[in-house]
Amino acid sequence: MQIDVLELGPMANCTYLISQGKEALLIDPAWDMNYIEHTLAQKGLVLQAVLFTHGHFDHVKDCESLLRAHQLRAYIEQNDVLLSGLPQDVLQPYSGEQDLQIGPFSLHIIPTPGHTAGGVCIQIEDALFTGDTLFPGACGRVDLPSSDPRAMRKSLLLLSKLPADTRIFAGHSYGGRCSSTIEEEKLNNPFMRSAIKDEKVIF
Ligand SMILES: [Zn+2]
């Protein structure tokens with residue numbers, strides 16, 4: 001499995017292109033569909049599915065044309081459908097924890113509400129795509145509509161229990177960095193540490 005990070009748009013968003021052989025998945029394609037189409041074509045990849053980590057505009061924004069061109073519906077947790085602002089006919093809503101087999105990819109969807117009600121992390125092999133739930137050294141904002149700080153604490157605690165060598169790939173490269181490991185976050189991320197210790201001092 002190959003993971004390409006496409007850093008696109010003015011907000012340091014990370015779109016992930018995951019491929020095996022000629023088959024590909026995209027996570028959070030939102031900006032610059034021309035560049036994404038060009039990358040797919042250049043690599044000779046066939047897009048099998050699109051998945052969203054959550055419905056915020058900067059993770060979904062311009063993807064409608066891509067979905068229509070590839071005749072795909074994007075997977076999104078049902079609690080974030082309205083938030084996405086996308087037409088229903090390009091979405092494939094689901095509810096809660098899921099195992100999905102898409103082409104050669106075995107995906108495990110872990111609901112991680114907190115940043116938004118329908119936020120999820122997407123696990124593929126040892127890679128975990130965390131959207132705006134978990135960043136290297138931080139977590140997503142919990143002061144937005146449909147945010148829930150207590151749910152975020154629970155979500156971070158849940159993620160801390162994944163294998164330590166799980167590689168994380170976040171939804172933005174804030175500070176120039178979008179990847180890390182669960183082990184590193186358990187050691188260095190004050191929000192995850194607080195959730196593990198059940199301290200209420202930080203958030
Ligand atoms: Zn967000």
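Hydrogens, waters and symmetry mates play no part in the numbers below; they use all other heavy atoms, side chains included.
Taking 4.5 Å as the limit, every side-chain heavy atom of T39 sits out of range of all side-chain heavy atoms of D4. The closest side-chain heavy-atom distance from K43 to Q2 is below 4.5 Å. The shortest distance between side-chain heavy atoms of T53 and D132 does not fall below 4.5 Å. At a threshold of 4.5 Å between non-hydrogen side-chain atoms, the residues S194 and K197 do not count as touching. Here the side chains of L128 and F169 are not in contact, with every heavy-atom distance at 4.5 Å or above. The shortest distance between side-chain heavy atoms of E183 and D165 does not fall below 4.5 Å. Residues Q123 and L162 have side chains in contact (heavy-atom distance under 4.5 Å, counting atoms from C-beta outward). Residues R141 and M152 are not in side-chain contact: their nearest non-hydrogen atoms beyond the backbone lie 4.5 Å or more apart.
Each of L51, L45, L66 was compared with L26 under the side chain to side chain contact (heavy atoms under 4.5 Å, CB included) criterion, and only L66 meets it. Only one option out of I168, L159, I109 pairs with C121 in a side chain to side chain contact (heavy atoms under 4.5 Å, CB included); it is L159.
The line from NZ of K61 to NE2 of H56 is 15.0 Å long, rounded to the nearest 0.5 Å. Here the CZ-OG distance, from F135 to S179, works out to 13.0 Å after rounding to the nearest 0.5 Å. From N189, atom CG reaches atom SG of C139 across 7.0 Å, with rounding to the nearest 0.5 Å. Rounded to the nearest 0.5 angstrom, D198 CG and L157 CG are separated by 8.0 Å. Atom CE of M192 sits about 6.0 Å away from atom CD1 of I196, to the nearest 0.5 Å.
Ionic pairing of R150 and D148 is not present here: no N-O contact between side-chain nitrogen and carboxylate oxygen is shorter than 4.0 angstrom.
S84 approaches V60 most closely through the heavy-atom pair O-CG2, 3.6 Å. The two residues S106 and Q101 have their closest heavy-atom pair at OG-OE1, 2.7 Å. Closest heavy-atom contact between F52 and V120: O-CG2, 3.8 Å. Listed here is the closest heavy atom pair of E185 and S180: OE2-OG, 2.5 Å. Considering every non-hydrogen atom in both H172 and C178, the closest pair reads O-CB, 3.7 Å. Considering every non-hydrogen atom in both Q20 and P104, the closest pair reads NE2-CB, 3.8 Å.
At least one donor-acceptor pair under 3.5 Å links the side chain of R193 to the backbone N or O of L187. The backbone N or O of G96 sits less than 3.5 Å from a side-chain atom of E77, completing a donor-acceptor pair. Under the 3.5 Å distance criterion, the side-chain polar atoms of D80 are matched with a main-chain donor or acceptor of G118. A side-chain donor-acceptor contact under 3.5 Å links S146 to the backbone of A117. For the pair T130 (side chain) and T133 (backbone), a donor-acceptor distance under 3.5 Å is absent. A donor-acceptor pair is defined here as one N or O able to donate and one able to accept, closer than 3.5 Å; no such pair exists between the side chain of E125 and the backbone of A127. Judged by distance alone, the side chain of T181 and the main-chain N or O of E184 form a donor-acceptor pair under 3.5 Å. No side-chain donor-acceptor contact under 3.5 Å links N188 to the backbone of P136.
In this structure, a donor-acceptor pair under 3.5 Å is absent between the side chains of S155 and T112. Side-chain contact annotation: W31 with D62, donor-acceptor N/O pair under 3.5 Å absent. Donor-acceptor pairing under 3.5 Å is lacking for the side chains of D28 and T15. For the residue pair H108 and E97, a side-chain donor N or O sits within less than 3.5 Å of a side-chain acceptor on the partner. In the model, D126 has no side-chain atom that pairs as donor or acceptor with a side-chain atom of T166 under 3.5 Å.
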Steps toward salt bridge (charged side-chain N to carboxylate O under 4.0 Å, His left out) verdict (R68, D89): CA-CA 10 Å; R68 295 205 188 281; D89 69 333; 3.1 Å; yes

Derivation and outcome, side-chain contact (heavy atoms from CB on, under 4.5 Å), residues D32 and N34: CA-CA 5 Å; D32 206 338; N34 286 339; 3.9 Å; yes

After noting the C-alpha distance and the side-chain angles of E37 and H70, does the key distance pass the side-chain contact (heavy atoms from CB on, under 4.5 Å) rule? CA-CA 10 Å; E37 289 284 20; H70 292 265; 2.9 Å; yes

Please lay out, stage by stage, how I3 and Y16 fare under the test side-chain contact (heavy atoms from CB on, under 4.5 Å). CA-CA 7 Å; I3 299 169; Y16 293 98; 4.0 Å; yes

Does the side-chain contact (heavy atoms from CB on, under 4.5 Å) test come out yes or no for C63 and V50, once each step is laid out? CA-CA 9 Å; C63 70; V50 170; 5.6 Å; no

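Linking ILVMFWY residues whenever their side-chain heavy atoms come closer than 4.5 Å, directly or via other members, leaves I110 and Y94 in distinct clusters. By the rule that hydrophobic residues join a cluster once side-chain heavy atoms approach within less than 4.5 Å of another member, F57 and L6 end up as members of one cluster. Residues L100 and M1 fall within the same hydrophobic cluster, defined by Ile, Leu, Val, Met, Phe, Trp and Tyr side chains chained together at heavy-atom separations under 4.5 Å. Note on Y75 and L47: separate hydrophobic clusters, where clusters join Ile, Leu, Val, Met, Phe, Trp and Tyr whose side-chain heavy atoms are under 4.5 Å apart, directly or indirectly. When the side chains of ILVMFWY residues are joined at heavy-atom separations under 4.5 Å, either directly or via intervening members, L91 and L82 end up in two distinct hydrophobic clusters.
The aromatic rings of H59 and H54 sit tilted relative to each other, their planes meeting at an angle between 30° and 60°.
Atom CD of Q71 has 12 or fewer heavy atoms from other residues, nucleotides or ligands within 6.0 Å.
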